[in-house]
Amino acid sequence: MQEQVNFEWIKEQFFSNEEKKLALAKGEILLESNQVNNRLFLVTKGKLQGFIKGMELENYPVLEASKNKFIGVYSYFAEGNRSYSRVMAVEDSEVYYYDKPLYDHTNEEMVSLAPFLISVVTNELVARQHFAKKMAMEKRMDVQRLLKAEKMATLGQMAAGLAHELNNSIGVLDGSLDRLRVFISQCIADGHFKDLASFFELGRDKGQQVSSEDARTRRKRYESLMKGLSSSQTRRLSKTGIEPLEIQQLIRKHPSAADRIYDLWEVGCTLYDMQVAATHATHVVKSVKQLGVTEHEWANDVEVNDTIEQALVIVKNLTKRVDTSIRLDENIPKTEACHGQLVQVWINLIKNAIESMIQHGTENPRLIVASTYSDTEIIIQVTDNGPGIPKNIIDRIFEPSFTTKVGGLSFGLGLGLSIVQRIITEHDGEIEVNSEAGNTQFILKLPLIN
Amino acid sequence: MDGLTIVEQRVIAIFFMAALFWILEPIPIYATSLLIIFLELIAISTKGLNFLVESGSPEKLGSLIPYKDILHTFASPIIILFLGGFFLAMAATKYRLDQNLAKVLLKPFGENPKWVMLGLMIITAVFSMFMSNTATTAMMLSILVPVMAVFLPGDKGRMAFTLAIPFAANIGGIGTPIGTPPNAVALKYLTGENYISFGEWMVMALPFVVVLLLIAWLLLLAIYPIKTEKIKLTIQGSWLKNRKAYIVYITFALTILMWLTDFVHGMNSYIVAMIPVAVFSAFDIINKNDLKNISWDVLWLVSGGIALGLALEASGLAERLVQTIPFGTFSPLLIISSITIVAMVMANFMSNTATANLLLPLVAALGISLSSLDAFGGNKMIIIAVTISCSMGMALPISTPPNALAFATGAIESKNMAKPGVIIALIGILLNYLLMYLLGIVGFFNVQ
Amino acid sequence: MDKLYVLCVDDQREVLNALTQDLEPFETSLMIEECESVNEAWEVMESIDANGDHVAILITDQVMPANTGVDLLKRAKSDPRFQDTRTVLLTGLATHQDTIDAINTAHLDNYVEKPWSKEGIHQIIKVLTTKYLLSKGIDYNEYTEVLDQQTLFETLRKTT
């Protein structure tokens, strides 16, 4: 062996003849499948891939060669000299070739060529093995991705199915409740208790507005003003929010009225609570439906302020626990959007803000929801004075299944902000988050389309 | 010692058994007391076991003690006095009078550690005059321990504070007849012409308590200087304002007032002690569940001591002993100093009450027979001197329950306690002598 | 007759209403108080105590805004004023850890899962009231309708 066999040497010796150079444009075929080939190619630029046809897969890649890799090793050496794959340039490429067929070499030549040939074959084997491994890995990842997508799709479908079923039931409850309310109201107004109907109506229209703390102070007034009442009567009456002076005369005249007033109020209250529960359930079902996608009722005359007000109604239970101020610009023009989805967005943002303040125990919790607009966009800001979003997680808050809430109690948790982002993206809008302790602001910009 | 009657011999046997048991504690000390009473009942009482109390001629047998007298020790006026104290203390704790008082009293002492410590000591001492030293220490330590973290690492002030409380409790106990059981035991021997009222006791003991308390404060500050600059003790809770609580406040004040003013109304302290017992029971302030929490063991321990004294006295043994040993030839000052030091040493290694139980009957007999003591205040003087010495046991964790509690906080080691404890005890003994001297001058010991 | 309070703590008003409705039969002997948060409950407990009355039973939900039920129970048990108060955790959603905490550090007397049964809660109230009365040494004869005989007998057997 006269000289050191290395790649540079081989390149220099066999693959440097400018006459034996081919330039291939992207997509150009170097070898057809089953074509006779007596050349050995070295890629100097670009990338080529070998495909086989057949089975279910069109053009399944079986080999790949980039700079300094060989092509045609199999067919050059094999019996019959036929290429088993179709080799195509996947990028603009250049190859040099060595074109003296193996059978034309003398024995002496073969001996001196041996190091060269061994090197080429080894190189090829390694390249193919790497390629095979890479393909296997990719395939596995593909399968996993597929499974996950399938799972999510199934969940979504299940959720949507569930939501549909529940929606029907809630519809029935809601409707029946309405009829029942009308009927009971009528009965009470006309019937035996018509003098006390106002107490029923109080419960029916307002629900229980008294906090346990207020009830306690009112109870003391009841105890001092009406000595004849039992401890359970004062406790119950104090919950109605009715001042003792209002009913003192009545109860003095008809002692049984004490129980009756509470009973009627409670019936009203029950109706009210059922209404609230039905509304809440409807909202929950809507959120679930959002998970299962579908429902895209876009309209070109959506009033963004309406969507905000609707959201506020749904989360009333929460907003009453903090100092909430609403500043909506009444002149905001109508725009093209999906009404239902926007409501979802506001609900999620408001819920997040209030829950974080409550959980943190913020003093004087305050929430501001404001809307305004410019020539091109509508801007909505949701601001709270809660603990703020820690710097280390602010980049992750829009990821699905990210949550800071302990226990995962409130519905749709961990999906809230990811839903928000998805919806806003669908609207071609933008979300901006500024957060520090005591001041967290979500700014949403929706394009104004009309 | 020839010519001892059989009864006298048996009393000697019981006495030595009691001494051994109280010192070595093979059984709980209150059980020893019960054993004393039981043995006296069967061996030397008028209704004892036949073959024990009917053997030999009456002269040889000696004088038997009426069994009722022995059983009466369970309900002797001294025991009732203590029971009254227990009721007061228990109601005070139950209605948080103690904690709320501590809160109010501690306020003027600010946040400077030195003054806070003085405040703690004064409050502890005052409380332990009316409550048990142990309960007072437990309460005050529970206030102190949560703030111990403010002391800088290596600050000896931590030890100063931890020691201040048990020392103050031990010293404070001297202040009233119900402050600590030895005082009650002493009352048993301060009868007749030597009688001392609740108020008189306080007049006599209070100056001693104040001076020794101040000395203890300065000493602790000198030995364990405080580096921390600020300490803030917070005591939770607010005054209870309901009928029962008011009854407790009023009864508490009234009882103490009555104890101090017996010369006005004529009721002695034993009878006054029934006021809280009766009132608190009648108003369901101390209910039957609370009765379970009364330290019956302390009461019985004192009963045993009284029974032992009774046996020594009634059998005539005490007198005979004193007559046999030629105390008369000794210098009275030597007698006083040696017996007070013996009392102090014993109290350091065993229960203060047991020490008083053992020593006071002997001392009482000695005082009566020794005319040379009269110049210094006689029987009354030596009983009081020994009683005060019994409260000087505070050098070791085992000396008193308050010491043990402080030791259990882990903030101090035995040697940290021993150093100031020994010094205070020695100063206390000297101060004791000074007190006796001054009391003699003002005529406190003069027989009425 | 000493006033014995049963404190119900839940941030959901509907639950409080349902619970107090179930407890109404006891209202002749016991005082029922409703609280919507842990802080409120604590204030009420302190005022009951300051009046010299008794917080006999504390029934609390676990999951509430700000402080949890277990927080309240721990606080109560570490306060000498409420050492004898009997505790019930009434919850639909307590994690394993919460429960362990409640038992180990708050010495929980009873764990009730939502939805509760009326009879079940009645029995619990009786047993716990009896235990409270006995541990406080209050005369139980005045509370016959809320006494659990079995508990009473078991305890009285051991006294002299």
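Numbered from 1 within each chain, the chains take letters A, B, ... in sequence-line order.
For residues 15-25 of chain C, heavy-atom neighbours of chain A at less than 4.5 Å comprise Asn17(C), Thr20(C), Gln21(C), Glu24(C), sorted by residue number.
Using a distance-only test at 3.5 Å, with no hydrogens or angles considered, a donor-acceptor pair links the side chain of Asp79(C) to the main chain of Arg81(C). Judged by distance alone, with hydrogens and angles left aside, the side-chain atoms of Asn385(A) form a donor-acceptor pair with the main-chain N or O of Asn364(A) at under 3.5 Å. Judged purely by atom type and a 3.5 angstrom limit, Ser435(A) uses its side chain to pair as donor or acceptor with the backbone of Ile389(A).
Judged by distance alone, the side chains of Asp384(A) and Gln441(A) never bring a donor and an acceptor atom under 3.5 Å apart. Judged by distance alone, the side chains of Asn141(C) and Asp139(C) do bring a donor and an acceptor atom under 3.5 Å apart.
Here the shortest heavy-atom pairing between Phe26(C) and Glu145(C) reads CE2-O, 4.3 Å.
Checking Leu90(C), Asp101(C), Leu89(C) one by one against Gln62(C), the side chain to side chain contact (heavy atoms under 4.5 Å, CB included) holds for a single residue, Leu89(C).
Both the backbone and the side chain of Ser211(A) have a heavy atom closer than 4.5 Å to some heavy atom of chain C.
Chain C forms more heavy-atom pairs under 4.5 Å with one residue of Arg216(A), Glu266(A), Arg219(A), Glu213(A) than with any other, namely Arg216(A).
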